[in-house]
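Down below is the structure, laid out as C-alpha cells.
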There are 2 protein chains.
Amino acid sequence: MIGSLTLDQLRVLVTIADLGSFSAAGRQLQRAQSAISQTVATLEGIQGVRLFDRSGHRPRLTEVGRALVGQARLVLASAGRFEALAAGTREGIEPELAVAIDPLVPTAPLIESLRALRNVFPNLPVSFSTEGLRGAERRLRRGEAALAFCLLLPVVPEDLVALPLVGARLLPVVSPTHPLAQLGRAATLADIEEHVQLVLSDPAAPEGASYGIIGSKAWRFVDLGRRLDFLLAGLGWCRMPENLVAPFLDDGRLLRLRIDDDPAASANSLTLYAAHMRDRPLGRAGRWLLDDLKTRFEMPLSAYGS
Amino acid sequence: MIGSLTLDQLRVLVTIADLGSFSAAGRQLQRAQSAISQTVATLEGIQGVRLFDRSGHRPRLTEVGRALVGQARLVLASAGRFEALAAGTREGIEPELAVAIDPLVPTAPLIESLRALRNVFPNLPVSFSTEGLRGAERRLRRGEAALAFCLLLPVVPEDLVALPLVGARLLPVVSPTHPLAQLGRAATLADIEEHVQLVLSDPAAPEGASYGIIGSKAWRFVDLGRRLDFLLAGLGWCRMPENLVAPFLDDGRLLRLRIDDDPAASANSLTLYAAHMRDRPLGRAGRWLLDDLKTRFEMPLSAYGS
DNA sequence: ATCATCCATCACCTCAGCTGATAGAGAAGA
DNA sequence: TCTTCTCTATCAGCTGAGGTGATGGATGAT
C-alpha cells in the first residue's frame with residue numbers, strides 16, 4: 001500500500017533505468033551503491049515483483065520492470081506538478097485561475113492569449129464557466145471567478161475594473177421561412193409586434209430587462225444553443241452577435257432582418273470586456289493574461305481603469 | 001525537490017482535507033495527532049506554503065491548500081496505479097497487452113470485448129498497432145505484440161494459435177463514375193485487364209503476392225484510407241471488406257462490380273482470426289480477452305487449437 | 001591472466017518520524 | 001458563567017529505516 005511506497009524509491013528506479021547501472025545511479029544521486037541496491041531490493045520485496053534481471057554484468061529491466069518504470073515516470077511528473085504549483089504560489093502566482101465567460105462572448109479572439117498563458121504558466125490550473133447572461137458578472141461578485149469575459153450593460157459598474165477588448169455587433173436575424181423574411185421590404189415596428197422575439201436572458205432574473213426587446217412577445221432563453229434551434233426553425237427572430245451568425249448568413253439558413261425605426265439601431269454594438277473586482281487584485285497569472293489581452297486587442301477606447 | 005516530498009505527506013494532507021481535522025486524520029491513519037501536526041508543518045516548511053488557516057477551532061484549507069490538495073489526489077492516484085500494476089503482475093496479469101490489428105480488420109465487432117477487458121483489468125496498459133497487410137503477423141513473430149487480429153492466408157501457420165472469429169467477405173467495388181460501372185453488363189476479365197486494380201499490400205514486400213489480383217495494372221497501397229480516396233475518385237476498382245463498403249454502397253458512392261469468371265469468386269471470404277504465438281503463452285489478461293472473444297463470436301469452425 | 005567495474009551483503013551509525021504528555025484555545029451545552 | 005469535550009502546537013524521548021564504507025564474488029575488456 002501507499003503507506004510503504006515512496007517517491008524516492010521511484011526516483012531511484014527511474015534513474016537506474018535511465019543510466020543502466022546501480023552504481024551510476026548512486027553517483028548521480030550522490031549515494032553509496034549499496035543504498036541503491038537496498039532501495040531496489042526493498043521496492044521489489046514490498047511490491048512482490050522482480051524489476052531487474054541481474055544475471056549479466058549490468059542489470060537489465062524485466063518486462064514488468066519496464067512497465068513499472070513507465071508508470072513511475074508518471075507518478076514523479078505528477079509530484080513535480082505538485083511542487084511547481086507550490087513554488088508558483090510562493091512567487092505570487094495564484095493556485096488557480098477561474099474565468100467566467102458570458103454566452104454571447106466568442107472564444108476565438110481569446111484563444112491566442114489563452115494559449116500564451118498556458119506556455120508561460122504551464123502548471124496553472126485554469127477553469128472556465130458559463131452561466132447565462134450576466135452570469136459572469138455574478139461569478140466575479142461571488143468570488144467564484146477572478147476574471148470575467150462579458151458584455152457590461154449599460155456602463156461599467158463602479159466595483160469592477162474592465163478592459164474593453166472588442167466590439168460585439170448584434171444583428172437582427174430571422175429564418176428564411178419566417179413571415180418577417182417574406183415581407184419584401186423592411187419590417188415596421190408594427191410588423192415586429194406581431195411576432196415572437198427570441199431573447200437571451202439572465203437566469204437569475206428571467207423577467208428582468210434584456211437588451212433590445214421591441215414587442216410584447218418575448219420567449220426567453222438561458223441557453224444560446226436552444227435559442228438558435230428555435231431561430232433556425234422559424235419560430236421567431238432575435239438579435240445575434242455577428243460572429244455567431246456569420247456562417248448561417250453565408251449559407252442562407254438565416255437572413256438579416258431590416259427594421260424601420262429600430263430603437264436599438266444607434267447602439268447596435270456591445271463591447272466585450274475583460275473584467276475583475278476592483279477590491280480583489282488579480283494574481284500574477286491573471287495580471288499577465290490581462291496585459292497580454294491589452295497588447296493583442298489595443299482597443300482605442302480609454303475606458304480601462306476609469 | 002522530490003527528494004523531500006513524500007507520498008505519506010500527501011496522504012496525510014488529503015486525509016485531513018477529507019475529515020476536516022488533524023486529530024480525525026490521526027485516528028484514521030492510526031497515528032498520534034502530534035505526528036499529523038508535525039507532518040503538515042514539515043510539508044508547509046519545505047514547500048514554503050501555508051496550507052491551513054488555524055485561527056479557528058478547526059483548521060481550514062487556504063486557497064493554496066485547496067489547489068494543492070487537488071494535485072495531491074492526482075499524485076496519490078498515479079501511485080495507486082503503480083501499485084495496482086505491480087499487484088497485477090503478481091497475479092499473472094501481463095504488465096502490458098500489445099495488440100496488432102491488420103488494416104482490413106473491422107474494429108466494431110471487437111469493441112464490446114475490449115470494453116469488457118477494460119472493466120475487468122482497469123489498470124492494464126493496452127496498445128494497438130497497425131502496420132499494413134500482414135503487419136500484425138509480423139509483430140507477433142517479432143515479439144512486439146502478444147495478440148494479433150488478422151486475416152491469415154492461405155492457412156493458419158504452424159507457429160501460431162488462431163481463434164477464428166468471423167468471416168470477412170470481400171466485394172469487388174467501383175465508383176459509379178468509373179468506366180467499369182458503365183458497361184451495362186458484368187465485366188469480363190478482358191474489361192478488368194484494361195483498368196487499374198487498387199491493391200492493399202504488405203509494406204515489407206510491396207511487390208509480393210496480394211490477394212485476388214487479376215490484371216497487370218495494380219496500384220499498391222499500404223494505407224486503407226488513401227486507397228479508399230482513389231477508389232471514390234474513380235481511379236480504379238478493388239476488393240473491399242463488405243463491412244467497410246456497406247455505407248458507400250448504401251448511398252451510391254460505390255457500386256458492386258460483377259466479374260465473369262472471377263478467379264477469386266470461390267474463395268470470396270476471408271476469416272478474421274485472433275492469433276498468438278504458440279511458444280509464447282498469453283498472460284491472464286490476454287487469455288481472458290481470447291476467451292471473451294470466443295464466447296461472443298462462437299464460430300462454428302473448429303480450427304482453433306489445431 | 002590482469003584490471004576495472006559491476007551488484008549483493010554485512011555491521012554499524014544517524015536522524016526523521018513516531019509516541020505520549022502538556023498547554024492553551026474554541027465551541028457547545030447546562 | 002462554568003463545565004466538558006475536542007481541537008492544534010510543542011516538547012522530550014525512543015525506534016528503526018536508510019544511510020555509510022568494507023568486503024566478496026562475478027562479468028567483461030584488454
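Numbers restart at 1 for each chain; the letters A, B, ... are given by sequence-line order, proteins then strands.
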- prompt: Looking only at heavy atoms, what is the nearest atom pair of A:Leu7 and B:Leu5, with distance?
  reply: CD1-O, 3.5 Å
Length of the line joining A:Leu29:CG and D:dG19:C1', which is rounded to integer Å: 13 Å
- request: Nearest whole angstrom, please: distance from the P of D:dA17 to the CG of A:Leu5.
  value: 16 Å
message: Applying side-chain hydrogen bond (donor to acceptor under 3.5 Å, both in side chains) to A:Asp53 and A:Thr62, what does each step give before you reach the verdict?
response: CA-CA 6 Å; A:Asp53 165 12; A:Thr62 60; over 6 Å; no
- prompt: Could you state the CG-P distance from B:Asp53 to D:dC7, rounded to the nearest angstrom?
  reply: 17 Å
query: Is the closest side-chain heavy-atom distance between B:Trp288 and B:Leu97 below 4.5 Å?
result: no
task: Any chance you could lay out the side-chain hydrogen bond (donor to acceptor under 3.5 Å, both in side chains) test for A:Ser78 and B:Gln71, step after step, and finish with the verdict?
output: CA-CA 8 Å; A:Ser78 196; B:Gln71 182 62 32; 3.1 Å; yes
task: Sugar-phosphate atoms are those with a prime plus P, OP1 and OP2; base atoms are the rest. Using that split, label each nucleotide of nucleotides 8-21 of chain C B, S or - for protein heavy atoms under 4.0 Å, 5' to 3'.
output: BBB-------BBBB
message: Does this structure show an ion pair linking A:Glu63 with A:Arg66, if we count only N-O contacts that are shorter than 4.0 Å?
response: no
Any pair counted as salt bridge (Lys or Arg N to Asp or Glu O under 4.0 Å), so long as it reaches residues 24-47 of chain B, sequence neighbours left out: B:Asp8-B:Arg31, B:Glu44-B:Arg54
field: Pairing of B:Arg284 and B:Glu91 as salt bridge, 4.0 angstrom limit
entry: yes
message: B:Gln38: which residues meet the side-chain hydrogen bond (donor to acceptor under 3.5 Å, both in side chains) condition with it, sequence neighbours left out?
response: none
- prompt: For DNA chain D, which residues in residues 57-66 of chain A have a heavy atom at a distance below 4.0 Å?
  reply: A:His57
task: Applying side chain to side chain contact (heavy atoms under 4.5 Å, CB included), run through B:Thr42 and B:Gln9 and close with a yes or a no.
output: CA-CA 9 Å; B:Thr42 300; B:Gln9 287 170 345; 3.8 Å; yes
message: Can you measure A:Arg27 atom CZ to C:dC7 atom P for me and round it to whole angstrom units?
response: 9 Å
message: Rounding to 10°, can you tell me the angle the first-five-pair axis of the helix from C:dA1-D:dT30 to C:dA30-D:dT1 makes with its last-five-pair axis?
response: 40°
field: Contact under 4.0 Å: B:Ser23 side-chain N or O vs D:dC7 OP1/OP2
entry: yes
- request: Write down the distance between CD (B:Glu44) and P (D:dT10), rounded to a whole number of angstrom.
  value: 11 Å
- line: B:Asp18 meets the side-chain hydrogen bond (donor to acceptor under 3.5 Å, both in side chains) criterion, sequence neighbours left out, with B:Arg73
task: Using the side chain to side chain contact (heavy atoms under 4.5 Å, CB included) rule, pick out the option among B:Thr15, B:Ile16, B:Thr39, B:Leu19 that qualifies with B:Leu29.
output: B:Thr15
